[in-house]
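Following: one structure in structure tokens, then a few remarks.
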Amino acid sequence: MKYGLPLAAAACAADQDRLEDFAVRGVLQAALVWGMKAYFDGQPISRRPSGEGKGFPSGHTAAAFFGASDLAGKCFNDKPLAGAAAYGAAGLTGWSRLHAGEHTPEQVWTGALIGLSLGAASFGIGTDGASFSVGLRF
């Protein structure tokens, strides 16, 4: 789901002529996750259950929720069950990271929040005027 949900959202964004905006938000999401992993490395919050570092935040969960929130909010406007399925798949991604012992709950929740926030946002890039809006649909 780390790749599948964002790829499905990218295909939808391309179909809706909003791929530039989607790409900018995706790069920001990845940069924020990588930046936080580097900044917090060596801190207790970044320690994975296995003892390794760079666990904060969960990048898999962030990517999955980024794709799910973009799909649910912009592609599945009239299909709430499809949006719920996308969020469910993203939630399973986070759960699998916990179950595998790769992340703590705090790391997963932070990744989910980052992905959800940037997936639900819209910068208006590639349109007649840049703007910013955030809206969640379930």
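For K37 (side chain) and P57 (main-chain N/O), a donor-acceptor pair under 3.5 Å exists by modelled atom type. Panel note: side chain S58, backbone G111; no donor-acceptor pair is recorded below 3.5 Å. When atom types are taken as modelled, the side chain of D21 and the backbone of S122 share no donor-acceptor pair closer than 3.5 angstrom. Remark: side-chain polar atoms of R25 are paired, donor with acceptor, to backbone N or O of L118 under 3.5 angstrom. Between the R48 side chain and the K54 main chain, a donor and an acceptor come within less than 3.5 Å of each other.
Under the 4.5 Å side-chain heavy-atom criterion for grouping Ile, Leu, Val, Met, Phe, Trp and Tyr, I114 is not connected to W109 through any hydrophobic cluster. Under the 4.5 Å side-chain heavy-atom criterion for Ile, Leu, Val, Met, Phe, Trp and Tyr, F65 and L98 are members of distinct hydrophobic clusters. By the rule that hydrophobic residues join a cluster once side-chain heavy atoms approach within less than 4.5 Å of another member, Y39 and M36 end up as members of one cluster.
Nearest heavy atoms, S69 versus G119: OG-CA, 3.0 Å. The nearest pair of heavy atoms linking A68 to A86 is CB-O, 3.4 Å. Contact detail for Q107 and I45: the closest heavy-atom pair is NE2-O, 2.9 Å. Nearest heavy-atom pair across T61 and V108 is CG2-O, 3.6 Å. Closest heavy-atom contact between G67 and A9: O-CB, 3.8 Å.
To the nearest 0.5 Å, atoms CD (E52) and OG (S46) are separated by 11.0 Å. Atom CG of L71 sits about 10.5 Å away from atom NZ of K79, to the nearest 0.5 Å. Rounding to the nearest 0.5 angstrom, the gap separating the CG atom in L32 from the OG atom in S117 is 9.5 Å. With rounding to the nearest 0.5 angstrom, the NE2 atom of H103 is 7.0 Å from the NE2 atom of H60.
With respect to D70 and R18, a salt bridge is recorded, a charged nitrogen being found less than 4.0 Å from a carboxylate O.
Aromatic rings of F22 and F66 (six-membered ring for Trp) have centroids within the 6.0 Å cut-off, being under it.
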